[in-house]
Every structure is written in structure tokens, then in C-alpha cells.
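Everything numeric here is computed off the predicted structure, so don't read it as measured data. The analysis underlying the following values was restricted to heavy atoms, covering all of them including side chains, and did not include hydrogens, waters or symmetry mates.
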Amino acid sequence: MQPTPRFDATAPTKLHALISDLRWRVQLLDADIEEEERKAHVCDPANQSYPMLALTLRERRDNLRTTVATLQKQLESIFPPESERAA
């Protein structure tokens with residue numbers, strides 16, 4: 001049996017860490033969006049008075065969510081969940 005190259009052994013750990021970090025950033029953005037909406041007393045992005053900062057934060061948050069989903073799929077394609085490995 002050949003030893004596993006270092007990159008292969010640490011790749012899942014690094015992906016998990018990156019995904020966790022991005023999810024944490026999404027939570028921070030959610031809190032910032034809520035704060036901006038609270039200050040402006042406007043929660044509807046379609047409202048003309050909706051804060052520009054909140055719109056920008058929403059876009060950034062949505063991009064991060066897309067990135068997390070992509071990384072999660074990549075991780076699962078390389079290393080399937082335990083339930084799929086047993087089958």
C-alpha cells in the first residue's frame with residue numbers, strides 16, 4: 001500500500017475549513033443586513049428606500065452561498081458522504 005500524498009490527505013480538511021469559514025461570513029453578512037434594515041426601518045429590497053449597503057451585502061452573501069454550494073458539491077464528488085461509501 002502506497003502512502004497517501006500530503007496534498008490528498010489535507011485537501012478535504014482544507015475544503016471543510018474553507019466551507020466553514022464562508023458559512024461564518026454568511027452569518028456575519030446576515031447580521032449586517034438585519035442591522036441596516038433595522039436602522040432604515042425598511043425590510044423589503046424592492047422598496048425604493050431600502051439601504052444601498054444592505055443591497056450590496058445581500059449580493060455578496062448570495063455569492064458566498066453559491067460558492068459554498070459549489071465547494072460542497074466538489075467535496076462530495078471527491079469524498080462521498082459515509083452513507084454513500086457504505087452502499
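Residues passing the side-chain contact (heavy atoms from CB on, under 4.5 Å) test with R65 are V26, D30, R61, D62, sequence neighbours excluded. Remark: E59 engages N63 in a side-chain contact (heavy atoms from CB on, under 4.5 Å) (not counting sequence neighbours).
If you take CD1 on I33 and SG on C43, they are separated by 11.5 Å, rounding to the nearest 0.5 Å. A distance of 10.0 Å separates CG in L29 from CH2 in W24, rounded to the nearest 0.5 Å. Rounding to the nearest 0.5 Å places CD of Q74 at 5.5 Å from CG of L15.
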Exercise. Passes salt bridge (Lys or Arg N to Asp or Glu O under 4.0 Å), E35 versus R38? Steps please.
Worked result: CA-CA 5 Å; E35 178 67 15; R38 187 191 59 75; 2.5 Å; yes
For this session: List the steps, then state whether side-chain contact (heavy atoms from CB on, under 4.5 Å) holds for H16 with T13.
Result: CA-CA 5 Å; H16 280 292; T13 304; 5.8 Å; no
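Looking at every heavy atom in both residues, L75 comes nearest to P12 through CD1-CA, 4.0 Å.
The pair K39-E36 counts as a salt bridge, with a side-chain nitrogen and a carboxylate oxygen less than 4.0 angstrom apart.
Follow the hydrophobic side-chain contacts under 4.5 Å out from V68 and you never reach L28; the two are in separate clusters.
Pairs engaging residues 44-58 under the side chain to side chain donor-acceptor pair (under 3.5 Å) rule: E37-Y50, E37-R58, Y50-R58 [sequence neighbours left out].
Using a 4.5 Å heavy-atom cutoff, the side chains of L18 and K14 are not in contact.
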